[in-house]
Amino acid sequence: MDVTIAKSAAGQFDRLPLVIQARMLRLFERLERWPEVSGVKRLTGNLAGRYRMRTGDYRLQFRVERNRIIVEKVGHRDGFYED
């Protein structure tokens, strides 16, 4: 599966601490094996159709389009789902 990082998520990723960036990169690699990925949660409400994965207190939000995964958002859990 092809994993694409949206421009806004790339900027958020760049601002993360280096240790967290390394952990996020491992999540991106795991997403390449979609749908055989553990630890994925389907989101509901306004975010229906999207998914999230977590590593510690950090989250990544993505959606699936055909045979491509688009990472839309990465960041700390505080306020992560508010927009």
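The chain is numbered in sequence order, starting from 1.
- I5 places none of its side-chain heavy atoms less than 4.5 Å from the side chain of V74.
- Considering only heavy atoms from C-beta on, M24 comes within 4.5 Å of T55 through its side chain.
- Remark: R50 CZ to L43 CG distance equals 9.0 Å, nearest 0.5 Å.
- Under a hydrophobic clustering in which Ile, Leu, Val, Met, Phe, Trp and Tyr are joined whenever their side-chain heavy atoms come within less than 4.5 Å, directly or via other members, V37 and I70 fall into different clusters.
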Apply side-chain contact (heavy atoms from CB on, under 4.5 Å) to the pair F28 and L60, showing each step before the final yes or no.
CA-CA 9 Å; F28 297 156; L60 76 79; 3.7 Å; yes

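- Interatomic distance, D78 CG to R59 CZ, rounded to the nearest 0.5 Å: 9.5 Å.
- Using a 4.0 Å cut-off between a side-chain N of Lys or Arg and a carboxylate O of Asp or Glu, D57 and R77 qualify as a salt bridge.
- Pairing each heavy atom of R63 with each of G49, the nearest pair is CB-O, 4.0 Å.
- Q21 places a side-chain N or O within donor-acceptor distance of the main-chain N or O of L16, the cut-off being under 3.5 Å.
- The minimum heavy-atom distance between A9 and K73, with the atom names listed, is CB-N, 3.8 Å.
- You'll find the side chain of V3 reaches within 4.5 Å of the side chain of V71, heavy atoms only.
- Put simply, CZ on R52 and CZ on F80 are 9.0 Å apart, with the number rounded to the nearest 0.5 Å.
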Stepwise, does the side-chain contact (heavy atoms from CB on, under 4.5 Å) test hold for L25 with F13?
CA-CA 10 Å; L25 287 174; F13 177 85; 3.9 Å; yes

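- Note: the hydrophobic cluster containing Y81 does not contain Y58 (ILVMFWY, side chain heavy atoms under 4.5 Å, direct or indirect links).
- R30 is listed as a side-chain neighbour of S38, based on a closest heavy-atom distance under 4.5 Å.
- A chain of hydrophobic side-chain contacts below 4.5 Å, direct or via other Ile, Leu, Val, Met, Phe, Trp or Tyr residues, connects L31 to V64.
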Working for salt bridge (charged side-chain N to carboxylate O under 4.0 Å, His left out), residues R68 and E65
CA-CA 5 Å; R68 187 171 77 156; E65 289 185 357; 3.5 Å; yes

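- Classification of the F62-W34 ring pair by plane angle, with boundaries at 30° and 60°, yields perpendicular.
- In this structure, the separation between NE2 on H76 and CZ on R15 is 15.0 Å, given to the nearest 0.5 Å.
- Atom-to-atom distance recorded for R23:CZ and M53:CE is 12.5 Å, nearest 0.5 angstrom.
- Considering OH of Y51 and CD1 of I69, their distance stands at 9.5 Å, rounded to 0.5 Å.
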